[in-house]
Amino acid sequence: MSETIAFKPETLAQVDKITARYPQERKKSALIPVLHLAQKEFGGWLQVPVMDYVAELLEIKPIEVYEVATFYSMFNMKPVGKYVLEVCQTGPCMLNGSDDIIQHIKETLNINVGENTDDGMFTLKTVECLGACGYAPMMQLGKFYHEHLTKEKVDEILQLCREGQIALD
Amino acid sequence: MSKKLLLKDAHIEGIRTFEVYRKQGGYVSVEKALKMTPEEIVEEVKTSGLRGRGGAGFPTGLKWSFVAKPEGVPRYLVVNADESEPGTFKDRYLMEFIPHLLIEGMIVSSFALGANTAYIYIRGEYAWIPDILEKAIDEAKAAGFLGKNILGTGFDLEIYVHRGAGAYICGEETALLESLEGKRGNPRLKPPFPAVKGLWECPTVVNNVETIAAVVPVINLTGAEYAKIGVGRSTGTKLISACGNINKPGVYEIDMTITVEEFIYSDEYCGGIPNGKKLKACIPGGSSVPIVPANLLLRTINGEPRYMNYESLADGGFATGTMMGSGGFIVLDEDQSVVKHTMTLSHFYAHESCGQCTPCREGTPWMFKILKKIYSGQGTMADIDLLWDVQRKIEGNTICPLGDAAAWPVAAAIRHFRDEFEWYINNPEATRSNYGLAHYADPIPVPAKTE
């Protein structure tokens, strides 16, 4: 598998930098940070061959990668759209209208939570508390938070996504 | 006006940079601490009365004094920046806007603990903050405050940032260590405690971001002077992240002498409830602490004003009071449904349970399902009793405190707002089409019935 799946050289340099943070015999500690790199580089989700490649790289068993990848909610186990809209639905966001925001996105994109749009552009996910409770309602897009959401602001963000003008990284 | 120790320079332009931070007196505590012995620093922290700011409120100096010191074994400091409790976003503010305060506190703390390597375990979703922290680390290193032979004292320290990947349970210190070791965030049985066997089985101290940042003023002021701020055993200042139905949500630093009423209604803090609505209830310490109705929140059971500190908030125990917790202050106005809010929190705990202990794994989705049933107008009076029974069977019966954290909000909601639960049951037609319910999917699919 690793013949066809391999990090770019610059990513491999990042992997080396990450593994150097831990004692030499504790390379496994780098697993979560390296899975973040893998998800980003290989299409936004973790296919089995990608996880196998990470296992090989960190000299651990594939099962050790699978059990971690399936535990943490930030790792996607199935294909996602180019823009993953992660809308917080917990307590303080709900008090400030996250229900309306989720409903609005569902209707605008004609998808349910957990689904991708047909054009592969968007995925809608609901998430649990992202630590933006004072700036609710909010959603995460790539690396960044979009806070104090209104329906109008969501429309604007979706349009900017379609135009490729929203920073993910 | 509350005294500010942590956020005093937060408004200064460029405070994220080493240069500006240093001009404001930054890193003086490091210069001071490195002239002391580690034991003297631990004593100062003990004298200060500083309590862990992550939620449990355990005395920091005492925790540090438990660290085992076997020969030839490294010790570690791990900063818990996994902040994931609904209502809590204060550590994000500290790391995002005053990163050098955390780095400075980590240097002093690591020296006191005899640690030469320290990690900041930050929740994965705070994906832009590691860049800010790493820049601060690089700047501190370039200025000689990190790396080999710090300030010529012979003390070496490296600080690394480690990103998690979205699991609330990793805020529990042993689960955090498992995650840092590249595993699932399953909590460990205690004892042994991390101070004896922590990261890679080495002695480790895990402290919250705010706690480590507070070590800086403790050293700058001295422990005795720090202890004079605040009241009783609630010494120093506390960051409160306020949210929900208030006019001015945000992060506030208080010295724990103000009343709850002042905090909610004064313009200096939350600025009251939007649109002149009445206060219905509040969760003052993050989602896991018991919800309190307005009358018990503003006044104690004896009719005295309730204060924003550990002792006053816990007055009367869980029966009438609540807890300071992490300082995640969630306000509900008169139009909010406690049943729905509790349902969203139950969904959170069900989703975030690691699944290791049966009461938590099975009980948290069960509580959510019962709450959803009641909220959607399909509940019966027996469901309230069942809900009470399930939460009782979770509390105290799990390896880590997530079980308690899931049970307490439900118990307090039933205890204080039983009439509201009964209203949903008695008025099914009014509630059956509740908008927004569909978003809260069952965390565990219910298997199809087979005959």
Side-chain angles (χ1 to χ4, degrees), chain A residues 18 20-23 25-36 39 58 60 64-65 67-75 86-100 102-103 106 112-114 126-136 140 142-145 148 169, chain B residues 74 83-89 91-92 117 119 123-128 158 160-168 170 179-186 200 241-245 249-251 283 287 328 330-333 336 340-341 344-345 347-348 351-352 354 435-441:
Chain A
I18 291 167
R21 293 172 186 167
Y22 314 99
E25 69 282 10
R26 306 290 186 182
K27 223 174 169 180
K28 186 179 173 182
S29 281
L31 179 52
I32 291 174
V34 171
L35 283 176
H36 279 302
Q39 180 159 282
L58 296 181
I60 55 179
E64 294 177 85
V65 181
E67 62 184 14
V68 164
T70 53
F71 183 81
Y72 294 92
S73 62
M74 289 184 74
F75 297 127
E86 299 181 86
V87 190
C88 178
Q89 65 175 1
T90 309
C93 273
M94 184 278 288
L95 293 177
N96 283 285
S98 60
D99 283 354
D100 287 341
I102 296 165
Q103 189 63 26
K106 282 163 73 172
N112 280 314
V113 174
T126 50
V127 292
E128 301 295 338
C129 193
L130 295 187
C133 318
Y135 324 99
Q140 181 161 25
K143 197 172 173 180
F144 302 107
Y145 282 10
H148 298 299
D169 191 29
Chain B
E83 185 169 65
S84 310
E85 174 122 338
T88 313
F89 49 99
D91 293 339
R92 166 188 168 182
T117 307
Y119 294 96
R123 66 177 303 178
E125 293 94 337
Y126 285 170
W128 72 100
E158 295 293 343
Y160 300 111
V161 182
H162 181 101
R163 258 184 89 196
Y168 167 72
C170 294
S179 183
L180 188 45
E181 291 181 3
K183 295 178 249 173
R184 285 181 166 225
N186 284 349
W200 304 306
S241 49
C243 62
N245 302 127
V251 178
I283 300 174
S287 67
I330 310 169
V331 176
L332 278 69
D333 72 26
Q336 298 294 349
K340 184 176 183 187
H341 190 252
T344 72
L345 295 183
H347 188 273
F348 169 83
H351 186 272
E352 299 301 327
C354 76
Y435 174 69
L437 197 60
H439 309 318
Y440 299 96

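Here is how names work: the chains are called A, B, and so on, in the same order as the sequence lines, proteins then strands, and each is numbered from 1. Just so you know, these numbers use all the heavy atoms, side chains as well, and skip hydrogens, waters and symmetry mates.
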- Message: Are B:Ser179 and A:Ile32 packed together at the side-chain level, in the sense that at least one heavy-atom pair is separated by less than 4.5 angstrom?
- Response: yes
- Quick one: does B:Glu181's side chain get under 4.5 Å of A:Arg26's, heavy atoms only? no
- Message: What part of A:Gln140 gets within 4.5 angstrom of chain B, counting heavy atoms only: side chain, backbone, both, or neither?
- Response: side chain
- Message: If I measure from the heavy atoms of chain B, does A:Ala132 come under 4.5 Å with its side chain, its backbone, both, or neither?
- Response: both
- Counting only heavy atoms closer than 4.5 Å, note whether B:Glu158 contacts chain A via side chain, backbone, both or neither. neither
- Largest heavy-atom contact set with chain B, pairs under 4.5 Å, which of A:Ala136, A:Cys93, A:Gly131, A:Pro33: A:Gly131
- Cut-off 4.5 Å, heavy atoms of chain A, and the answer for B:Arg92 is side chain
- Message: Is a donor from one side chain sitting under 3.5 angstrom from an acceptor on the other, for A:Thr70 and B:Arg184?
- Response: yes
- Query: Where on B:Leu180 is there a heavy atom nearer than 4.5 Å to chain A: the side chain, the backbone, both, or neither?
  - Reply: both
- Message: So for B:Cys354, is it side chain, backbone, both, or neither that comes closer than 4.5 Å to the heavy atoms of chain A?
- Response: both
- B:Thr88 portion near chain A, given a 4.5 angstrom heavy-atom threshold: backbone
- Is any side-chain heavy atom of B:His347 less than 4.5 Å from a side-chain heavy atom of A:Met94? no
- Is the distance between the ring centroids of A:Tyr22 and B:Tyr160 less than 6.0 Å? no
